[in-house]
A.B. asks: 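Please see the structure below; I have some questions.
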Amino acid sequence: MKSFTHKNEGFTCCVCGAENPPASATCRNHCLKCLYSLHVDKNPGDRAESCHGRMKPIQVEVARGSMSDIVFQCEKCGVVKKNKIASDDDRETLLSVISEQ
Ligand SMILES: [Zn+2]
Ligand SMILES: [Zn+2]
């Protein structure tokens with residue numbers, strides 16, 4: 001039997017294998033290295049979504065000169081969602097998402 005998983009626990013990314021430490025202030029839902037997320041929430045943190053597809057980072061929003069949000073698209077069902085950038089997200093990956101826009 002699997003024990004209850006707290007949403008702020010660290011996790012190992014299923015896309016790139018990076019170890020993600022537990023988030024202190026925010027509810028981390030994307031990998032700090034490749035920025036991929038998983039389509040598991042209907043609303044942030046509720047784990048009510050049954051899709052479980054990989055959410056690809058397709059866009060980084062810039063507000064007043066600084067990066068603010070990542071826009072994800074689910075590779076399985078195509079839904080688009082936004083999430084706040086975390087302070088330890090990989091800057092080079094963020095910049096590469098921007099340059100692909
Ligand atoms: Zn990753
Ligand atoms: Zn999905």
Side-chain angles (χ1 to χ4, degrees):
M1 195 176 134
K2 205 166 185 297
S3 60
F4 176 71
T5 304
H6 193 270
K7 65 186 175 188
N8 279 344
E9 270 185 0
F11 65 94
T12 303
C13 176
C14 68
V15 178
C16 73
E19 292 288 339
N20 283 259
S24 49
T26 55
C27 174
R28 168 176 294 285
N29 74 344
H30 59 271
C31 173
L32 82 178
K33 187 72 189 157
C34 70
L35 307 178
Y36 267 81
S37 180
L38 284 178
H39 194 192
V40 292
D41 294 341
K42 279 197 166 79
N43 294 299
D46 66 5
R47 299 297 185 262
E49 178 57 58
S50 59
C51 172
H52 293 182
R54 297 199 315 197
M55 304 283 291
K56 181 181 166 43
I58 55 166
Q59 201 183 328
V60 173
E61 296 199 335
V62 179
R64 288 182 226 89
S66 67
M67 298 183 282
S68 61
D69 296 278
I70 305 173
V71 182
F72 301 92
Q73 183 167 34
C74 180
E75 291 181 333
K76 201 166 158 191
C77 71
V79 76
V80 173
K81 283 176 178 283
K82 266 203 272 189
N83 195 246
K84 283 259 172 290
I85 288 173
S87 58
D88 52 359
D89 284 345
D90 192 280
R91 294 285 129 175
E92 291 198 2
T93 312
L94 288 167
L95 291 171
S96 74
V97 171
I98 289 177
S99 67
E100 280 170 21
Q101 283 172 37

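Throughout, numbering of the chain's residues begins at 1 and tracks the sequence. Read the numbers this way: they start at 1 and go in the same order the structure lists the ligands and their atoms.
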A.B. asks: Salt bridge or not for D69 and K84, using N-O below 4.0 Å?
C.D. replies: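 A salt bridge is present here (some side-chain N lies under 4.0 Å from a carboxylate O).
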
A.B. asks: Give me the atom names and distance for the closest heavy-atom approach of K42 to K81.
C.D. replies: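 That closest heavy-atom pairing would be O-NZ, 3.3 Å.
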
A.B. asks: Over all heavy atoms of both residues, which pair between C77 and C74 is shortest? Give the atoms and the distance, please.
C.D. replies: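 Nearest pair, atom of C77 first, then C74: N-SG, 3.4 Å.
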
A.B. asks: Restricting to under 2.8 Å, identify the protein N, O or S atoms around the Zn ion (ligand 1) as residue plus atom.
C.D. replies: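 Metal shell, protein only: C13 SG, C16 SG, C31 SG, C34 SG.
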
A.B. asks: Using atom types as modelled and distance alone, determine if a side-chain donor or acceptor of K33 lies under 3.5 Å from a backbone N or O of C13.
C.D. replies: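 No; zero donor-acceptor contacts below 3.5 Å.
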
A.B. asks: Determine whether the aromatic ring centres of residues H30 and F72 are separated by less than 6.0 angstrom.
C.D. replies: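 Ring-ring flag for F72/H30: true, centres closer than 6.0 Å.
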
A.B. asks: Suppose the cut-off is 2.8 Å; how many protein N/O/S atoms fall inside it around the Zn ion (ligand 2)?
C.D. replies: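 Excluding waters, the total comes to 4.
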
A.B. asks: Test of understanding: clusters of I, L, V, M, F, W, Y form through side-chain heavy atoms closer than 4.5 Å, transitively. Do V15 and F11 belong to the same one?
C.D. replies: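 Each belongs to a different hydrophobic cluster.
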
A.B. asks: Identify the two heavy atoms, one from C34 and one from P57, that lie closest to each other, and give their separation to 0.1 Å.
C.D. replies: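 Between these two residues, the closest heavy atoms are O-CG, 3.8 Å.
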
A.B. asks: Check whether T12 reaches the backbone of E19 with its side chain - one donor and one acceptor, N or O, closer than 3.5 Å.
C.D. replies: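 Pair absent, no side-chain N/O of T12 close to backbone of E19.
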
A.B. asks: Can we say E75 and R54 salt-bridge, meaning some charged N sits less than 4.0 Å from an Asp/Glu carboxylate O?
C.D. replies: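 Here E75 pairs with R54 in a salt bridge, since their nearest N and O are under 4.0 Å apart.
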
